[in-house]
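These figures come from a predicted structure and were not determined experimentally. Chain A is the first sequence line, chain B the second, and so forth, proteins listed ahead of strands; every chain is numbered from 1.
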Protein chains: 2
Amino acid sequence: MVRYHKQTRILVAIDCIIFGFDGSELKLLLVQRGLEHEKGKWSLMGGFIQKDEDFVEGSARILNELTGLEGVYMEQLYAFGDVNRDPIERTVSVAYFALIDIHKYEKQLNEDYHAEWFPIKDTPKLIFDHQQMVDMAKEKLRYKAAFHPILFELLPEKFTLPQLQSLYEGIFDYQFDKRNFSRKLQSTKLLVKQKDKDKESSKKGAFYYKLDKRRYAANFHAFLNLIPNPGNLK
Amino acid sequence: MVRYHKQTRILVAIDCIIFGFDGSELKLLLVQRGLEHEKGKWSLMGGFIQKDEDFVEGSARILNELTGLEGVYMEQLYAFGDVNRDPIERTVSVAYFALIDIHKYEKQLNEDYHAEWFPIKDTPKLIFDHQQMVDMAKEKLRYKAAFHPILFELLPEKFTLPQLQSLYEGIFDYQFDKRNFSRKLQSTKLLVKQKDKDKESSKKGAFYYKLDKRRYAANFHAFLNLIPNPGNLK
DNA sequence: AATATTAATTGTAAAAAAAACACTTATTAT
DNA sequence: ATAATAAGTGTTTTTTTTACAATTAATATT
């Protein structure tokens, strides 16, 4: 086989930033590093890309090996290439981020794995440049969520408007007017009102909604103004 | 030195998508490939990342080696990792895109280099997955330009409102109302009217404007609604 | 010197979208 | 029967966006 001579070949890793929502706050999934160096320290789900797998396959494999999770929505975030980002040996890392409903994957994510959810506002010190990755992922999530209906990936199939609003409020760290919020989200036509209510969090109960799957698929990339005052974003 | 054993090390390339504006249309800078395989075919500026350089250094070096250009604004686009994207040997590529004023770099980009500008709507067949890279870069440019004052990177220091408008019209392939366009761009407070006029393209002449550098730096990441009907974007 | 030509410049009114704001309702607990 | 709690709902005001056409400055023509 013909090859490119005299070029440096480098380790290529994939690191996954997994965001989850438990109904009240945004969380981050971390594992304790198994490799020797920095063993036991908290880390993103990471691993090296293999000879015959592309990034999509690699990220799915790494996530599955470390957490047991499967079928999770993932999106490329950024490639990190600082020369000394891994002190052992130069490693380029392609970071992916994922959004999941914590409860949906509760059983998959069992004790066989040393993965643990941390509130996004209270995470432990991370190895390498993983904190930088998390910060960038948070920023991208906020940016994207302001204009695209992406946060539904964090919710269970059935959810209430108050739940949806507190998810948005958690992510944007801002209190929205519930009348305006409701009107805006309803105007996307993505929500289908159910006949039953969630009676957990109030006496009156809040009607469940489901996503209109067809419209959701069609509007996933569409531009919607989902939050007030987007001018504050960067 | 400690190393990670039994892991595959892979070639890591950087490919640069260079957009330029000549005052009337958007163009793409391409080179004829120097390496053996597919030699002579048109290609993005590309090269392998070296042992001791990060992506920023690498992209600047590659761009300079192939075009003589220096000091160009670059931004990471996406990492491409398909197993067979380079038929010679597996190569991961981190794509960067750049925006430049063609005339500003006319002299740097001399005949020593086999780089050539092509109208974005009429580019030759490209090697590997470079067309995919270009398509993604175009999409990202449109998306970003709709909300951030990024297109000024394509313009000379002094420019007129009609020039600015035709740049936007070229990129969005849409005719804007000049009264509304002018008002919207002026409302960003980024433009400083000059006392002299460009007399090239009309009898009356059009006043030059310059960027307010301070405000530009402060607003580069700010969210502005720069085009009508952003809802059409994805 | 008057007139025609060309493209730049400027304003206003109508429509749509966003923001501000508070009371009623359903249900459970007392 | 009443109190307590959180869900649900409408209207007005303000802001933003859109649609639309006449005037002006400079040059070219007669």
Length of the [atom1]-[atom2] vector between [X] and [N], whole Å:
X	N	atom1	atom2	answer
B:Tyr209	C:dA8	OH	P	12 Å
A:Glu200	C:dT28	CD	P	12 Å
A:Phe176	C:dA20	CZ	P	12 Å
A:Asp196	D:dA7	CG	C1'	15 Å
A:Asp198	C:dT28	CG	P	13 Å
A:Leu226	C:dA18	CG	C1'	14 Å
B:Asn225	C:dA17	CG	P	13 Å
B:Phe207	C:dA7	CZ	P	18 Å

Results of side-chain contact (heavy atoms from CB on, under 4.5 Å) for B:Lys204 - residues two or more places apart only: B:Lys197, B:Ser202
Only counting residues at least two apart or in another chain, list the ones meeting side-chain contact (heavy atoms from CB on, under 4.5 Å) with A:Lys210. A:Glu157, A:Lys158, A:Gln194
Quick one: list whatever passes ring pair (Phe, Tyr, Trp, His ring centres under 6.0 Å) with [X], sequence neighbours left out.
X	value
A:Phe118	A:Trp42
A:Tyr78	A:Phe80
B:Phe159	B:Phe152
B:Phe55	none

Side chains of B:Asp198 and B:Thr160: donor-acceptor distance under 3.5 Å anywhere?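 Note: B:Asp198 and B:Thr160 side chains miss the donor-acceptor criterion.
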Just grab all the ring-ring contact (aromatic ring centres under 6.0 Å, His included) pairs involving residues 191-214 of chain A, residues at least two apart or on different chains. none
In terms of heavy-atom contacts, does NZ of A:Lys144 have more than 12 from other residues, nucleotides or ligands at under 6.0 Å?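 Yes, enclosed.
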Set of residues satisfying salt bridge (Lys or Arg N to Asp or Glu O under 4.0 Å) with respect to A:Lys178, sequence neighbours excluded: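 Once residues adjacent in sequence are excluded, A:Lys178 has no partner under the salt bridge (Lys or Arg N to Asp or Glu O under 4.0 Å) criterion.
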In chain order, what residues pass the salt bridge (Lys or Arg N to Asp or Glu O under 4.0 Å) check against A:Lys140, with sequence neighbours excluded? none
Among residues 157-169 of chain A, which ones have heavy-atom contacts with DNA chain C below 4.0 Å?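 Correct list: empty, so none.
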Strand-adjacent residues in residues 184-191 of chain B, judged by heavy atoms under 4.0 Å from DNA chain C: none
In B/S/- notation, 5' to 3', how is nucleotides 20-30 of chain D contacted by protein heavy atoms closer than 4.0 Å? BB--BBBBS--
Select one nucleotide: of C:dT9, C:dA18, D:dA7, the one nearest the side-chain heavy atoms of B:Ala206. C:dT9
Base, sugar-phosphate or nothing for A:Ser201? Non-hydrogen atoms, less than 4.0 Å.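 Counting heavy atoms under 4.0 Å across all strands, the contact made by A:Ser201 is with sugar-phosphate only.
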